[in-house]
Structures are given as structure tokens and as C-alpha cells.
Amino acid sequence: MTSLKRKRYSNALAISASILFVAFTGMQVASPRVTNPPVTSEFHGPQEVTSILKRACYDCHSNESNLRWYDKIAPFSYVVAADVEEARKRFNFSEWDSIPKDEQEGKLWYMVNMIDAGRMPLPAYTAAHPSAKVTPAELDVLKKYVTDLSKANHTAGDTARIQQKAGLQTSNAPAKAIPTSVNGIPYFDDYKNWKVISSTGRPDNGTTRLIYGNDIAVKALEENRINPWPNGATIVKVVWNSQHEDAAGNVMPGNFNNVQIMIKDDQKFKDTEGWGFARFNGLDLKPTGTTLSFATSCINCHQLASETGFVFDIPTKKHAVKH
Amino acid sequence: MTRNLVLFAFACLTMLGCNKSHNLSPAPETIFDEPGMHVVTSTFNQRTETISVLYGNDAALSHAGQARPEHVAGEEFKLVTWGLKPNPLWFGSDINGPLRSVETVKIVADAYGAARIDYGVENRNEETAKIAPTDSDERINFIFAQRASVFP
């Protein structure tokens, strides 16, 4: 390098450094602030549970964010502020009752499973805040908490008389409109002739389910082509409320609860990993969701099954857990 | 302070962290397939750690669905039983594991026009011995007592 060149080089360096410095300071001035709105309806639980959640989750999922100094320096502050905003939108321990009562229990199970899968607290966050990590022993405390909570809520079982389908058998009943989800997926009966790919029970939330796959889905399982699943693969889950356990421990399906559908079409359902979601509730098959965005909440949770193409309930061989 | 900054920078680089990954591969051999058989109902049992689906042909289904209260010759039921295991992808859900047994109950008309009930069990693995009952009457009663699940 000639001396002239060297000079130019160091000039350039000085200029870029000052630009960076100005940008850095500018960023500090414009840096987003995480503010703490008032706590309106605090989440209540046993002390050993809330202390874990406060330490590990409240910085993002509550109005009691207590950010460290380095979280307040740009560019980190931009990331942190965005995370807090998104996290509060998903659920907020300080506005707990904004979650409908019958969904609060499900949300807690969701949390436990997000921690179990290593997705929460956000790994990038725990790397800088190791004290926010949830230990295996603490996870067990949370698992026991949700299990007991659900037991208390569901031990009654479904003692209600099982409702039969009314009126549909009569041939002169007026043809009803086919219930259709807001994204255009209609309810259909075909799955009753498909193969059952798995059968599941959730003793804790008191439901029994059967999962059906169409021929494309079954073939995909046979050929181990499920990541991604081929277009046209369709999976239907039928959910019943469980009856009381009998003397021998058998749990039978009681009232029909809902049908849920996943249809693979990577063009039509690009925004939700190529899966079209639909859910129909009760014997009158009332569709879930009034806007297209309902499916975002379906796929968000199904991300936990990304390993198996976003489908949880496939039969699997014995496996070894890797970390 | 520098330590924290270094940690933070490190954190930013390892955004993906260490998500748990399982080594899951499909087990299509556990899927039951027999043409002409429809789902009647299903059951799970945490004590015996089994999960079962009861299938039936048209005649069996119309009995279990209570369209026809009495049994008739020609009914055929198959009770398929798997082991029960926790779903590796979701704490709180139990899913069927390997296939254990298929029990068949058939009502056949004998030469004199009277009906006879046949019971048979096909074991699919050694575990089955534990649950396969020797008392076939008990199993027939159990299967006959099942009511069809309500579908929309």
C-alpha cells in the first residue's frame, strides 16, 4: 500500500466510524421504550408456580417488564421492544382475564409445552439472561400444576346424556347448508371411510379423539414423506368429551365435541406452512373463526410439530430424544 | 458489564438456541386396515396402558348404533388394541403405540338356523399375553356392550 493509499484508507475508516457513531447515537435517541401499562387482572396461581413464571416470562408476557440496562441500548432495544410487544399480544399475565375463561387452562398447557420444547423463554433471551431459564425441576412443578388443574376441572367427566343427532335421519328433512369455514373449507363426511391413523386420549382435559387420514396422507406416512406432506394430504380429527372411567379403567367417548381438519395445499395456504385449517363445533358444526387470521393461531401452536410436518398425531416408532 | 455484552452478542448469534429434536419416523404398520369395517367407537385405559378402536361391519354398526336393538347373524366386530404412550410432541396427550391384538366376534348362523357367537384373538406381540383374557365370554360381553360413538 502506498502512503497516499494508506491515508485515503484511514480517512475512509474515520468517516465510516463517524457515520456509525452518529447512527448509533441517533438510534439511542429514537430507541423504542418498553413502557409498563397498569396491571388490570393479574394471573393467580400457587406461589411456587407464579414465582417461576415471574422470573422466566414476565419480562415479555406482562406489564411488569423489568429490563436490564443492556436491553435498553440500541440495537438490542429494538429487538427486545418488538419481542415484548409481540409477547404481550399473544398473552399477558397482567391482563389475564382478557383470555376467555374456558381458554385459560389450554393456554397454560400451551406454555408448559413451549417450555418443554425449549422454545420459551426465547433462547436468544435466556442466553443473555441465564437466570430466566426454567430448570427441569421447575418444569415438573409446572407440569404437575396444569395436570392437577385439569383434573379438578374435568374429573366430573361427561355425565350428560349423550346427545344423538336429531332429525337428520329423516329423508324429508330440508337440506341444510353445508357448514363452511371462513377460509372456504367446507365440512365433509368422507373421512368416515378413511383409515384411522391414530387414536389419542387426553385424560387431563377429558377428551378422546380419533385421527383419520385420506389415501394421500396414509401413503405419505408409508413412504415417510411428511416433511413436507404432499399436496392433497388431508387429516381429520374428531373429538369427544370422555365419559367417566368404568370399573376396569376404560374411558369411552361421550358427547361429540368438534371436528378439526387440515388440508395440505402449499399454494393456497402459503401463510400457514401450506396447511389449510378448519374446525367445526358441536353437532350443528359451527365453524371456528370469523376472519382468515384464526388459522394463524392454529399454525402457531402446530409449529411444535414442525419435525413431523406440523402434524402431532402420527403413529411413530420408538424414538430417542436428542437435545 | 463486558461479560454481559459478550453474552448478549453471543445470544444474538445463536438465535435458534437448542430446540429439542426427536428422532421421529412414521410407523404406518400400526394402521389398521380392513375393507368393509367401520369405526364403531374407541376407548383408552391408563391402567392397562392400552388404547382400542372397535370396528364393525354394516350389520354390527347398525346394532351398536341402536338402529336395531337385537343382534342378528352376520354381525362382525373387531376390537383392535394398541399400547398407549405419551405423545412425544405434546406433554399431556396419550397416543397409540405398537399394535397388540385384534379380537374378532362374529355371529354366525349354524346349519339349524340358530345363531352362534365365535370369538377369536390374534396376538400381535408378546405383551398381548398380559391383556389377552382367557375368558372369551367376558370379552364378548365387553364388545357387545359398546355403543357407537356419535358422529356429526
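A note on names: the letters A, B, ... follow the listed sequences, proteins ahead of strands, and every chain is numbered from 1. Remember, predicted model here, so these are calculated numbers, not experimental data. No hydrogens, no waters, no symmetry mates; every other heavy atom, side chains included, goes into these values.
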Inset, instruction - Might you confirm whether atom NZ of Lys106(B) has over 12 heavy atoms from other residues, nucleotides or ligands at distances under 6.0 Å? - result: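 At most 12 heavy atoms, drawn from other residues, nucleotides or ligands, come within 6.0 Å of this atom.
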
Legend entry - Derivation and outcome, side chain to side chain contact (heavy atoms under 4.5 Å, CB included), residues Met252(A) and Gln146(B): CA-CA 9 Å; Met252(A) 305 285 179; Gln146(B) 306 304 312; 2.9 Å; yes

Inset, instruction - Test Thr147(A) against Phe91(B) for side chain to side chain contact (heavy atoms under 4.5 Å, CB included), laying out the working first. - result: CA-CA 10 Å; Thr147(A) 305; Phe91(B) 167 72; 3.9 Å; yes

Minimal non-hydrogen separation, [X] against [Y], with atom names:
X         : Y         : answer
Pro152(B) : Leu285(A) : CB-CD2, 3.7 Å
Leu89(B)  : Asn113(A) : O-OD1, 4.4 Å
Glu307(A) : Asn23(B)  : OE1-N, 4.2 Å

Which atoms of [X] come close to chain A, meaning under 4.5 Å heavy atom to heavy atom: side chain ones, backbone ones, both, or neither?
X        : result
Ile95(B) : both
Asn87(B) : side chain
Ser42(B) : both

At a heavy-atom separation under 4.5 Å, does [X] approach chain B through its side chain, its backbone, both, or neither?
X         : answer
Val238(A) : side chain
Leu210(A) : side chain
Leu304(A) : both
Asp284(A) : neither
Ile226(A) : side chain
Val239(A) : neither
Ser198(A) : both
Val259(A) : side chain
Ser306(A) : neither

Flag the pair [X] / [Y] as yes when at least one side-chain heavy-atom distance between them is below 4.5 Å, and no otherwise.
X         : Y         : answer
Phe44(B)  : Ser242(A) : yes
Thr316(A) : Lys85(B)  : yes
Pro253(A) : Thr41(B)  : yes
Glu245(A) : Gln46(B)  : no

Inset, instruction - Measure up the Tyr110(A) and Trp90(B) rings against each other and bin them: parallel (under 30°), tilted (30 to 60°), perpendicular (over 60°). - result: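 The arrangement is tilted - the two ring planes meet at 30° to 60°.
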
Legend entry - Top contributor to chain B interface from Leu221(A), Thr200(A), Val251(A) [non-hydrogen pairs under 4.5 Å]: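 Counting heavy-atom pairs under 4.5 Å, the top option is Val251(A).
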
Legend entry - Largest heavy-atom contact set with chain B, pairs under 4.5 Å, which of Arg202(A), Arg209(A), Glu222(A):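 If we count pairs closer than 4.5 Å to chain B, Arg202(A) comes out on top.
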
Inset, instruction - Give the member of Ser52(B), Gly92(B), Gly97(B) that has the highest number of heavy-atom pairs under 4.5 Å with chain A. - result: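 It is Gly92(B).
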
Inset, instruction - Look at the side chain of Asn250(A) and the backbone N and O of Asn45(B), then say whether any donor-acceptor pair between them is shorter than 3.5 Å. - result: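 No: the side chain of Asn250(A) does not pair with the backbone of Asn45(B).
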
Inset, instruction - Could you tell me the separation between the CD atom of Gln243(A) and the CZ atom of Arg147(B), rounded to the nearest 0.5 Å? - result: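 Answer rounded to 0.5 Å: 11.5 Å.
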
Legend entry - From Ile31(B) atom CD1 to Ile314(A) atom CD1, the distance as rounded to the nearest 0.5 Å: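 The CD1 atom of Ile314(A) is 9.5 Å from CD1 of Ile31(B), to the nearest 0.5 Å.
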
Inset, instruction - List the steps and the verdict of side chain to side chain contact (heavy atoms under 4.5 Å, CB included) for Val150(B) and Leu283(A). - result: CA-CA 9 Å; Val150(B) 176; Leu283(A) 281 175; 4.1 Å; yes

Inset, instruction - Tell me whether the guanidinium CZ or amine NZ of Lys195(A) lies under 6.0 angstrom from the six-membered ring centre of Phe32(B) and within 45° of its axis. - result: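 Verdict for Phe32(B): no cation-pi partner in Lys195(A).
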
Legend entry - Option from Phe256(A), Trp240(A), Phe280(A) for which ring pair (Phe, Tyr, Trp, His ring centres under 6.0 Å) with Phe151(B) holds: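 Among Phe256(A), Trp240(A), Phe280(A), the one that satisfies the ring pair (Phe, Tyr, Trp, His ring centres under 6.0 Å) with Phe151(B) is Trp240(A).
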
